[in-house]
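The next block holds one structure in the form of structure tokens; read it before the comments.
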Amino acid sequence: MAVASRANSDYGRFMDEINGMSLFPLWERVGGLKPGTKCVPAHWSYDTVRPHLMRAADLVTKKEASRRVLCLENPSLRGTTFICDSLFAGLQIILPGEVAPSHRHTPSALRFIIEGEGAYTAVAGEKLPMKPGDFVVTPAWAWHDHGNLGTTPVVWLDGLDTPFARFFGAAFYEPYPQDTQPLDRPEGESMAVYGMNLIPDEFVSDGHSTPVLIYPYERTRAALDSMAKAGKPHPAHGFRLRYANPANGKHPFPTMAVSIQRLPAGFDGKTYRSTGSAVFAVHKGSGTAQVGEETFKIAAHDVFVAPPWSPYSFRADSELELFSYSDRAGQEALGYWREQVE
Ligand code: 1HN
């Protein structure tokens, strides 16, 4: 029998005394070390969320909101703004003519463009026009502002590693003195200079974030097309590509790994799990995601989250493309990463 607190015993008096001294006996701990967190599988249908984004755009000015974002909060993490223990996810809407003022923060951020054209993000002095399916990088502590020069609302998914910065007590934020930062690098530079399998000889990576600030969908699609032509889909992941930091072949962020996968129509994938928490955004197509005990019918622009060590699998009704980001980069750096295919 485990040692239990016994009233009027030496052990009971010992427990009472140490309790008042900020001491706790490890042998009394319940649970111990096991994979997983209280994060639960969750799914947000775009059809359901979109009208509320539009309402937010009506009700709240950009001036009031600075970033007009609806946070996708895990049902088990209400009040945190987080979609899982290690990641933030939110849907941001920006209307024609609006500017989201420049600022910077220690958390790294990514954007995955959901709908609308004509918006840009300016990152570290470079203006990055964005189209649906593009993945845009905002490295830690880089100045960034957004604008919509088009004629329709633009919506994107914001993915951040804010929980990491919070965990370490290193969450800094600074507004830029003006609404927009000076654009002192030519448009398209990061792609033209770093995204062509050539790196300037004198370039020294900071070892953290990719120098390529945008991964346009046009190129992603071409790469997926080539991959799908060349071989067989992975039994769980289909045709899956990882967005790479060309400076080291690793991940675009120190914390987050980012991927895109294509599941051909009729694909019925094996079950997979990893220690990573992963956020998925459906770029196109429809099907089913089985995540833990939950079965989600998924369609274009939906977002869902797979908790750590929770088994998941996909079925594609039509050709399905899933963008995703996870805390894999951080876990690999720390030696925690594990994965299993069924
Ligand atoms: C942020 O700076 C943006 O710049 C979006 O668009 C979402 C969520 C948490 C903290 C900072 C943005 C954010 C954010």
Side-chain angles (χ1 to χ4, degrees), residues 44 49 52-53 56-57 60-74 77-116 118-130 132 134-150 153-181 183 209 213-214 252-256 258 277 279 281 303 305 323 325 327 330:
W44 291 262
V49 177
H52 299 288
L53 273 174
V60 186
T61 63
K62 201 70 182 167
K63 223 178 180 58
E64 288 168 309
S66 169
R67 302 297 195 258
R68 201 189 286 107
V69 177
L70 289 180
C71 311
L72 308 178
E73 257 189 353
N74 194 278
L77 301 170
R78 295 312 307 265
T80 63
T81 76
F82 300 145
I83 191 162
C84 56
D85 302 79
S86 54
L87 300 167
F88 172 96
L91 288 169
Q92 176 158 180
I93 180 163
I94 182 165
L95 298 179
E98 289 183 332
V99 166
S102 204
H103 67 204
R104 62 179 176 178
H105 35 69
T106 45
S108 301
L110 64 81
R111 329 273 161 211
F112 181 68
I113 315 313
I114 305 280
E115 72 162 289
Y120 67 87
T121 287
V123 177
E126 180 174 341
K127 186 177 178 183
L128 306 158
M130 309 185 288
D134 292 356
F135 154 46
V136 179
V137 173
T138 304
W141 208 235
W143 294 113
H144 55 285
D145 44 86
H146 320 298
N148 184 348
L149 305 173
V154 173
V155 177
W156 62 74
L157 175 70
D158 287 306
L160 288 92
D161 61 5
T162 334
F164 281 83
R166 290 263 190 86
F167 175 78
F168 289 114
F172 287 85
Y173 168 91
E174 189 182 355
Y176 194 74
Q178 282 89 44
D179 272 1
T180 54
Q181 62 183 303
L183 298 172
S209 286
L213 299 177
I214 185 162
F253 301 100
T255 45
M256 296 183 285
V258 189
S277 298
V279 178
V303 178
V305 61
F323 171 88
Y325 61 101
D327 54 16

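Just follow the structure's listing: the first ligand is 1, and inside any ligand the first atom is 1. Keep in mind the model is a prediction, meaning the values are calculated, not measured.
Taking the six-membered ring where the residue is Trp, His146 and Trp156 present perpendicular rings, their angle passing 60° and hence far from 30°. Using bins of under 30°, 30° to 60° and over 60° for the plane-to-plane angle, the ring pair Phe323/Phe112 lands in the parallel bin.
Per-residue contacts place His103 under 4.0 angstrom from the following atoms of ligand 1 (heavy atoms of the residue considered): 1 (C), 2 (O), 4 (O). For ligand 1 and His146, the ligand atoms under 4.0 Å from any heavy atom of the residue are 4 (O), 6 (O), 12 (C). The contact set between ligand 1 and Arg67, taken as ligand atoms under 4.0 Å from a residue heavy atom, comprises 3 (C), 4 (O), 6 (O), 12 (C).
Atom 5 (C) of ligand 1 has its nearest heavy-atom neighbour, among Ile94, Thr138, Asp158, in Asp158.
Panel note: side chain Arg68, backbone Val60; a donor-acceptor pair is recorded below 3.5 Å. One N or O on the side chain of Asp327 and one on the backbone of Ser277 form a donor-acceptor pair closer than 3.5 Å. Using modelled atom types, one side-chain atom of Thr106 and one backbone atom of Ala170 make a donor-acceptor pair closer than 3.5 Å.
With respect to atom 1 (C) of ligand 1, the closest heavy atom belonging to the protein is His105 NE2, 3.6 Å. The nearest protein atom to atom 14 (C) of ligand 1, hydrogens excluded, is given as Leu160 CD2, 3.9 Å; this is a heavy-atom distance.
Residue-to-ligand polar distances place Gln92 within reach of ligand 1: an N/O pair is separated by less than 3.5 Å.
When each of Leu213, Leu110, Leu128 is checked for a side-chain contact (heavy atoms from CB on, under 4.5 Å) with Val136, only Leu128 meets the rule.
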